[in-house]
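For reference, the structure discussed in these notes is given below.
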Amino acid sequence: MYRIASAIFLAENIKKFEIEAPRIAKKRKAGQFVMLRLTETGERFPLTIADSDPEKGTITIISQGAGKSTKALNRLEAGDGITDVVGPLGTPSHIENFGTAVSIGGGVGTAIAYPTAAALKQAGNYVITINGARTKELVILEKEMHAVSDEAYITTDDGSYGFNGFVTQKLQELIDAGRKIDFVLAIGPIPMMKAVAEVTRPYGIRTVVSLNPIMIDGTGMCGGCRVTVGDEIKFACVDGPEFDAHLVDFKNLADRNRIYQQEEKESDEAETHRCRLAAKG
Amino acid sequence: MDPKNITTKERLAIPRQVMPAQDPELRMGNFEEVHLGLTPELARMEALRCIQCKDPVCIQGCPVNIKIDQFIKLIAEGDFLGAARKVKEDNVLPAICGRVCPQEDQCEKVCVIGKQRESVAIGNLERFVGDYERQTGQRIVPEMAPPTGKRVAVIGSGPAGLSCANDLAQFGHKVVVFEALHELGGVLMYGIPEFRLPKEIVRDELDGLRKMGIEFRTNVVVGRTITIDELMEEEGFDAIFIGVGAGLPWFMGIPGENLVGVLAANEFLTRVNLMKAYDFPASDTPVFDCKGKSVAVFGGGNTAMDAVRTAKRLGAEHAYIVYRRSEAEMPAREEEIHHAQKEGIEFQLLTIPLEFVGDDKARLTGVKCQKMELGEPDESGRRKPVPLEGSEFVLPLDMAVISIGNGSNPLIKQTTPDIEVSRKETIVVDVNTMQTSKENVYAGGDIVTGGATVILAMGAGRKAAAAIHEKLCGTGQNFNEW
Ligand SMILES: Cc1cc2nc3c(=O)[nH]c(=O)nc-3n(C[C@H](O)[C@H](O)[C@H](O)COP(=O)(O)OP(=O)(O)OC[C@H]3O[C@@H](n4cnc5c(N)ncnc54)[C@H](O)[C@@H]3O)c2cc1C
Ligand SMILES: Cc1cc2nc3c(=O)[nH]c(=O)nc-3n(C[C@H](O)[C@H](O)[C@H](O)COP(=O)(O)OP(=O)(O)OC[C@H]3O[C@@H](n4cnc5c(N)ncnc54)[C@H](O)[C@@H]3O)c2cc1C
Ligand code: SF4
Ligand code: SF4
Ligand code: FES
């Protein structure tokens with residue numbers, strides 16, 4: 001059992017946890033993730049390590065309730081336990097002083113981008129962050145992002161806060177303004193990452209995305225997380241999750257992530273129903 | 001029949017005893033074990049078939065040289081626990097090896113009885129003694145040497161790691177096993193299905209190892225959570241054994257392999273065995289819904305047979321094996337091929353896939369194949385399949401499972417560069433001691449040989465344990481000079 005040291009909601013449906021996992025806390029680097037299994041019958045699912053405190057022996061994860069497992073996680077509180085936490089997995093982000101680095105986060109992607117943005121800052125980059133959300137209430141980590149940015153922008157699709165529009169529009173604006181950009185990191189929904197890749201492609205700006213294929217073991221054994229990058233098969237849990245955005249076959253990733261949609265929906269609905277009954281009872 | 005007063009002629013007259021099995025019609029609908037095991041009567045009768053050769057060649061056929069003639073004699077005499085003890089001198093997991101060893105290519109292949117008649121059922125007898133010991137609750141607790149004060153880390157809890165840990169503990173060393181997954185047992189747990197190797201047996205073996213004082217730590221990916229150097233320098237382990245098994249599955253590299261519905265056997269079997277997807281939605285992990293569907297598995301090894309029989313059990317209407325050579329060349333255990341045939345698996349032999357085809361949603365709809373014929377024998381003596389012009393056809397499919405083997409997991413190599421690996425990324429060892437190029441670090445099993453067998457992995461683990469013991473406590477003799 002891995003004990004939850006603290007748990008707070010950052011926004012509706014997005015929750016931040018500190019989990020006691022001393023070995024992982026000591027070892028983790030930006031860009032790495034953990035696999036969790038909540039209970040004996042639970043599935044294994046990946047979440048990025050947003051931060052860690054080697055002294056306290058805790059890691060921080062930020063989870064958006066997407067389906068059964070993440071919603072179940074978000075119902076847990078400080079003091080509860082998680083059956084399995086394993087990591088740190090994946091290849092750490094490649095960090096160097098590129099010059100000007102733009103970190104783009106969409107939705108919960110902001111949480112995944114945060115540790116890498118912080119590491120880019122520490123490496124001496126001029127860091128610009130652009131974090132998008134559908135609406136004001138869903139903006140997360142604003143303060144944290146501010147602290148690691150030289151310039152920080154928030155975008156909302158409905159214009160309720162910050163820049164009115166998509167993250168790609170803000171990025172295009174910076175490029176059009178003649179800003180010299182040496183590196184872009186984009187993490188969020190697949191269509192967003194694909195759109196960012198298309199914005200930077202004509203300018204040849206080095207762009208990295210963090211992919212989120214379905215994973216089972218996360219240790220490089222099953223082949224389930226395979227993605228197509230530059231016509232080659234890569235395994236996101238060992239070779240990634242970060243890849244060159246201009247080489248990724250996003251369509252294939254989107255198609256393959258839909259494979260268990262029906263089953264996941266059933267599982268989620270059954271669980272939600274059960275929880276409602278329990279709440280009533 | 002009295003084993004003491006039985007003539008060779010009488011022995012030879014006894015037919016090979018058939019192990020009771022679940023009816024194929026019935027077992028197709030469940031995940032319970034196919035074979036039900038020999039009864040004590042059947043086991044004794046089968047044991048009488050062994051003529052107790054002066055020169056028991058069967059022993060040479062076994063990779064770990066089990067004293068086959070001796071343990072069979074004990075069975076014939078009715079001393080089943082004595083027989084179990086005898087087997088365990090050389091093989092700590094008889095209930096497992098008796099079930100999964102390719103006996104027909106090893107011990108039973110060379111048994112002299114097999115020249116004229118059917119060979120003695122050595123594997124079935126071995127399984128019997130392992131089961132007898134477990135089922136009667138009379139597990140033999142091995143003798144343990146007094147503590148040596150040395151600590152050894154074993155990485156990976158597959159058959160190589162477990163057998164190494166067992167022997168090291170008996171030598172008196174403190175052993176800690178680190179496993180990446182949440183469940184112990186390696187392929188025995190996540191690869192080989194319940195209907196061939198009930199997980200209860202593996203769990204029972206693990207309990208036995210725990211009772212010997214071996215510590216198990218799950219959720220530790222060595223190379224990521226902690227490195228080999230840190231285990232030695234910071235956690236004070238005196239020696240390390242690496243038994244991390246094979247790694248990522250290979251794909252075929254043909255068009256359409258990325259369609260939704262094409263997956264590797266490891267993924268399919270992991271979902272079903274490790275994550276218990278057959279019990280979805282009680283278990284959270286889903287697996288492709290095979291009910292009434294057409295599923296093809298590409299390959300001819302044990303993994304392919306396990307995958308196709310699993311698909312059938314999950315309700316597939318058509319479950320095919322697509323294999324490029326003929327049945328004789330299939331690397332799977334003979335018994336599994338026969339079981340598969342009886343369960344209604346459809347074999348598309350001498351067939352190669354050319355391309356997967358799909359619909360506009362990128363979902364698999366079929367595979368385009370070509371028939372082959374066997375040509376002239378190649379250097380290895382195997383007749384090489386050559387394509388038959390104009391024999392292309394499309395097999396309609398809902399799911400395709402690729403089972404053509406695995407590469408090596410690169411983690412150890414990446415994080416411990418001073419361990420030498422081969423071009424195929426397997427770890428290079430001294431064959432006498434299983435020592436790697438790094439001082440006090442040993443390796444064995446699939447990570448050294450590439451995908452092989454349970455018994456070879458176990459043998460390697462034991463060999464390494466002996467060498468580690470010699471290194472830590474021995475007389476300083478060099479194994480190479482023996
Ligand atoms: C390397 C990596 C890091 C990640 N980091 C974070 C993080 O820090 N915070 C966070 O909230 N989420 C993160 N995710 C996504 C998270 O793993 C999924 O949202 C989660 O597995 C969904 O499981 P579920 O049972 O809650 O939902 P499900 O019911 O299984 O699925 C809900 C939706 O999510 C999609 N999905 C299913 N499994 C995955 C998966 N493994 N990855 C991505 N999408 C999936 C489904 O197609 C479906 O549309 C990460 C994913 C990866 C691969
Ligand atoms: C489906 C299938 C069916 C098979 N059927 C048969 C059969 O009938 N008969 C037969 O003889 N053989 C069979 N085999 C082959 C046999 O199972 C293997 O040869 C054998 O298990 C190899 O043992 P091992 O100990 O080397 O590795 P494994 O059994 O693979 O165990 C390795 C363990 O190490 C763990 N690990 C990996 N990396 C790390 C790390 N970095 N840190 C910590 N732990 C790690 C893994 O999670 C795993 O638990 C089959 C294989 C498969 C896949
Ligand atoms: S371990 Fe395998 S090869 Fe050896 S005797 Fe047993 S069945 Fe035969
Ligand atoms: S070769 Fe066959 S008959 Fe001879 S001892 Fe071995 S098992 Fe018995
Ligand atoms: S999740 Fe299984 S190989 Fe990556």
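Just the heavy atoms: all of them, side chains too, but no hydrogens, waters or symmetry mates, feed the values below.
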Under 4.5 Å from a heavy atom of chain A, the part of [X] involved:
X        : value
B:Phe268 : neither
B:Asn409 : side chain
B:Glu230 : side chain
B:Leu269 : neither

Could you tell me if the side chain of B:Thr270 sits less than 4.5 Å from the side chain of A:Met221, heavy atoms only?
yes

Against chain B, work out which of [options] has the most heavy-atom pairs shorter than 4.5 Å and name it.
options                             : result
A:Leu89, A:Val86, A:Ile233          : A:Val86
A:Arg44, A:Lys29, A:Arg226, A:Met35 : A:Arg226
A:Thr83, A:Thr219, A:Thr41          : A:Thr41

With a 4.5 angstrom heavy-atom cut-off, could you sort out which part of A:Val227 is near chain B: side chain, backbone, both or neither?
neither

For [X], does the [atom1] atom sit with more than 12 other heavy atoms under 6.0 Å from it, leaving out its own atoms?
X        : atom1 : answer
B:Gln414 : CD    : yes
A:Asp231 : CG    : no
A:Glu12  : CD    : no

Which atom pair, heavy atoms only, marks the closest approach of [X] to [Y]?
X        : Y        : result
A:Ile214 : B:Arg271 : CG2-NH2, 3.8 Å
B:Leu248 : A:Gly220 : CG-O, 3.2 Å
B:Pro249 : A:Cys222 : CG-O, 3.6 Å
A:Lys27  : B:Thr227 : NZ-CG2, 3.8 Å

If I take atom CG from residue B:Asn258 and atom CG from residue A:Asp249, how far apart are they, to the nearest 0.5 angstrom?
7.0 Å

CE (B:Met275) and CD1 (A:Ile216) are apart, to the nearest 0.5 Å, by 9.0 Å

When A:Val85, A:Ile24, A:Asp84 are each screened for side chain to side chain contact (heavy atoms under 4.5 Å, CB included) with B:Asn219, the one that passes is A:Asp84

Under-4.0 Å salt bridge between A:Arg23 and B:Glu235:
yes

Does the pair A:Lys26/B:Glu234 count as a salt bridge with the N-to-O cut at 4.0 Å?
yes

One option among B:Leu181, B:Thr225, B:Val221 has the most heavy-atom pairs under 4.5 Å with chain A, and it is B:Thr225

Which is it for A:Asp217 and B:His182 under the side-chain contact (heavy atoms from CB on, under 4.5 Å) test, yes or no, and what are the steps along the way?
CA-CA 9 Å; A:Asp217 61 310; B:His182 59 262; over 6 Å; no

